[in-house]
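First the proteins, then the strands, lettered A, B, ... as listed; each starts at 1.
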Number of protein chains: 2
Amino acid sequence: MLSNASKYAILSTLYLAEHSNEERKISVKEIAENIDVPSPFLAKLFQQLVRGKIISSSKGPHGGFYLSEKNKQKNVLDIIDNIDGLNKLNGCFLGLNECDSTNPCPVHFIVVPFKNNILAKFRDLTIMEFAKEIADKGDFLTLKNVSPSLEAPI
Amino acid sequence: MLSNASKYAILSTLYLAEHSNEERKISVKEIAENIDVPSPFLAKLFQQLVRGKIISSSKGPHGGFYLSEKNKQKNVLDIIDNIDGLNKLNGCFLGLNECDSTNPCPVHFIVVPFKNNILAKFRDLTIMEFAKEIADKGDFLTLKNVSPSLEAPI
DNA sequence: TTATTAAAAGATAAAAAGGTCTTTTAATAA
DNA sequence: TTATTAAAAGACCTTTTTATCTTTTAATAA
């Protein structure tokens, strides 16, 4: 549904939202280590997010990535759109070209409410609101395995 | 969420369910044309489904693919498991390694009910029941564009 | 103004997904 | 028993995704 690239982009942008501002810029290396993402890959993603005006950057000593006030008003769907495009998120679950409420695939009426739900969440909250919601719960998003387990989580 | 391979496998197995039986076997070519899937690719998938005992085959004149009585008792989740494995369907929507109800990602409580829903549908109906439900509604699943449109369907 | 720092850019490469083609094997009908 | 049919097997190819490495550019601090 989402590519790894999108997932990395979301997690690291939310990291920026919580830990950076115009005065406190953050290097790729720091973020990559903290959320456990390959850093050269993240560097590439960040270039693209900068071009898409989702995040900001400056070079040189004390340079790095950060969110400007304008950036903070973007939402998670902007990130997904910038990296994957929105088509990946739309489209029939079984791949049918013609699948809608008058001609639904067998899982259409299970999938559509879910999509509307998650789309609303990704579109209606700003990145800051999203990050705040996470911080308020005391959570910290990382791909690290704090307590490695062999089973896939549900 | 599902690979193309899984989607093709589901659609073509459901096609077999409706159109084949031990006496009436169907060639890859016929199915590929009917549901609009690349036929050499489908041939590969079918080899794997035969090895996984999801469908049956016989060679030679009047040979082809079909569902045995045992095959008909399999469910859609068996197809997905055989092609993609089940991990692709499980796993956190944002890719977090540790995401559960005590330590949920921001969309956990939107994603989990959906997954339970669709998993139940894929697991609790046999392939025949699934196919019958579709046929009863008068539907026919294909990837063909009957009336080509430029917009991605929702 | 020079050394240093960190991103930008772009070339390269490995892995996975998606797809094609050719040869071999097995079944069966003539 | 031979020709024919259709799957099985496996080699091969292409594209996309994921990832790495090297060089260049810009900012800044000494």
Side-chain angles (χ1 to χ4, degrees), chain A residues 1-12 16 20 22-33 35-68 71 80 82-85 87-88 95 143, chain B residues 1-12 16 20 22-33 35-68 71 80 82-85 87-88 95 143:
Chain A
M1 217 118 180
L2 295 182
S3 66
N4 282 350
S6 264
K7 292 172 187 171
Y8 296 167
I10 292 169
L11 298 182
S12 46
L16 284 180
S20 83
E22 314 240 359
E23 282 80 47
R24 180 173 205 74
K25 290 152 192 170
I26 304 187
S27 71
V28 165
K29 195 163 163 288
E30 178 186 334
I31 301 179
E33 279 168 6
I35 65 174
D36 205 30
V37 153
S39 87
F41 190 52
L42 189 54
K44 280 260 107 155
L45 287 176
F46 271 11
Q47 283 176 36
Q48 192 175 335
L49 290 172
V50 170
R51 283 195 297 271
K53 301 193 192 305
I54 313 286
I55 68 177
S56 302
S57 71
S58 85
K59 299 181 180 180
H62 302 120
F65 296 93
Y66 63 99
L67 299 188
S68 68
N71 295 151
I80 297 171
N82 182 73
I83 302 291
D84 280 349
N87 284 351
K88 211 169 243 174
L143 298 178
Chain B
M1 218 119 180
L2 295 183
S3 66
N4 282 352
S6 264
K7 292 172 187 171
Y8 296 168
I10 292 170
L11 298 183
S12 46
L16 284 180
S20 83
E22 315 241 0
E23 282 80 45
R24 178 174 208 74
K25 291 153 190 169
I26 303 187
S27 71
V28 165
K29 195 162 162 288
E30 176 185 334
I31 301 179
E33 278 167 8
I35 65 174
D36 205 29
V37 152
S39 86
F41 190 50
L42 189 54
K44 281 257 108 153
L45 288 175
F46 271 11
Q47 282 177 36
Q48 192 175 335
L49 290 171
V50 170
R51 284 195 296 271
K53 302 193 192 304
I54 314 287
I55 68 177
S56 302
S57 70
S58 86
K59 298 182 182 180
H62 301 121
F65 296 93
Y66 63 98
L67 299 187
S68 69
N71 294 151
I80 297 171
N82 183 73
I83 302 290
D84 280 347
N87 284 352
K88 210 169 244 175
L143 298 178

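- A heavy-atom distance below 4.5 Å is not found between the side chains of B:L11 and B:V37.
- Scanning for side chain to side chain donor-acceptor pair (under 3.5 Å) contacts around B:S20 gives an empty result, with sequence neighbours left out.
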Are any protein N/O atoms closer than 3.5 Å to N/O atoms in nucleotides 12-20 of chain C? If there are, list each pair with its distance.
from   : atom 1 : to   : atom 2 : distance (Å)
C:dG19 : OP2    : B:Y8 : OH     : 3.1

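- For the pair A:I83/A:Y8, no side-chain contact is recorded, criterion being any heavy-atom separation below 4.5 Å from C-beta on.
- Where A:S6 and B:G63 meet DNA chain D, the nucleotide closest to each residue was compared, and B:G63 sits on the side nearer the 5' end.
- B:A32 is linked by a side-chain contact (heavy atoms from CB on, under 4.5 Å) to B:S39, B:L42, counting only residues two or more places apart in sequence or in another chain.
- Looking at A:V28 and A:F41, their side chains never come closer than 4.5 Å, going by heavy atoms from C-beta outward.
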Next on the checklist: Between A:I26 and A:F65, does the side chain to side chain contact (heavy atoms under 4.5 Å, CB included) criterion hold? Intermediate values first, please.
Outcome noted: CA-CA 5 Å; A:I26 304 187; A:F65 296 93; 5.6 Å; no
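- You'll find the side chain of B:I35 reaches within 4.5 Å of the side chain of B:S12, heavy atoms only.
- Between B:N82 and B:Q48, some side-chain heavy-atom pair lies under the 4.5 Å cut-off.
- Counting only distance, with no hydrogens or angles, the side chain of A:N71 and the backbone of A:K53 share a donor-acceptor pair below 3.5 Å.
- The shortest distance between side-chain heavy atoms of A:Y66 and A:R24 does not fall below 4.5 Å.
- Nearest heavy atoms, A:K25 versus A:E22: CE-O, 3.1 Å.
- Remark: B:L49 CG to B:I10 CD1 distance equals 10.0 Å, nearest 0.5 Å.
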What nitrogen or oxygen pairs link the protein and nucleotides 26-30 of chain C at under 3.5 Å?
from   : atom 1 : to    : atom 2 : distance (Å)
C:dA26 : O4'    : B:K59 : NZ     : 3.4

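- In terms of modelled atom types and a separation under 3.5 Å, the side chain of A:D84 and the main chain of A:S3 share a donor-acceptor contact.
- Backbone-only engagement by B:I26 is indicated by non-hydrogen atom pairs under 4.0 Å involving sugar-phosphate atoms exclusively.
- Looking at heavy-atom distances under 4.0 Å, A:L45 makes no contact with the nucleic acid at all.
- Near-neighbour residues of DNA chain D inside residues 46-54 of chain A, defined by a heavy atom below 4.0 Å, are absent.
- One interatomic measurement links the two molecules: CG of A:N87 to C1' of D:dT16, which rounds to 16 Å at whole-angstrom precision.
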Checklist outcome for this item: Encoded 5' to 3' (Watson-Crick or G-U under 3.5 Å; [ ] crossing; | other strand), DNA chain D becomes ||||||||||||||||||||||||||||||
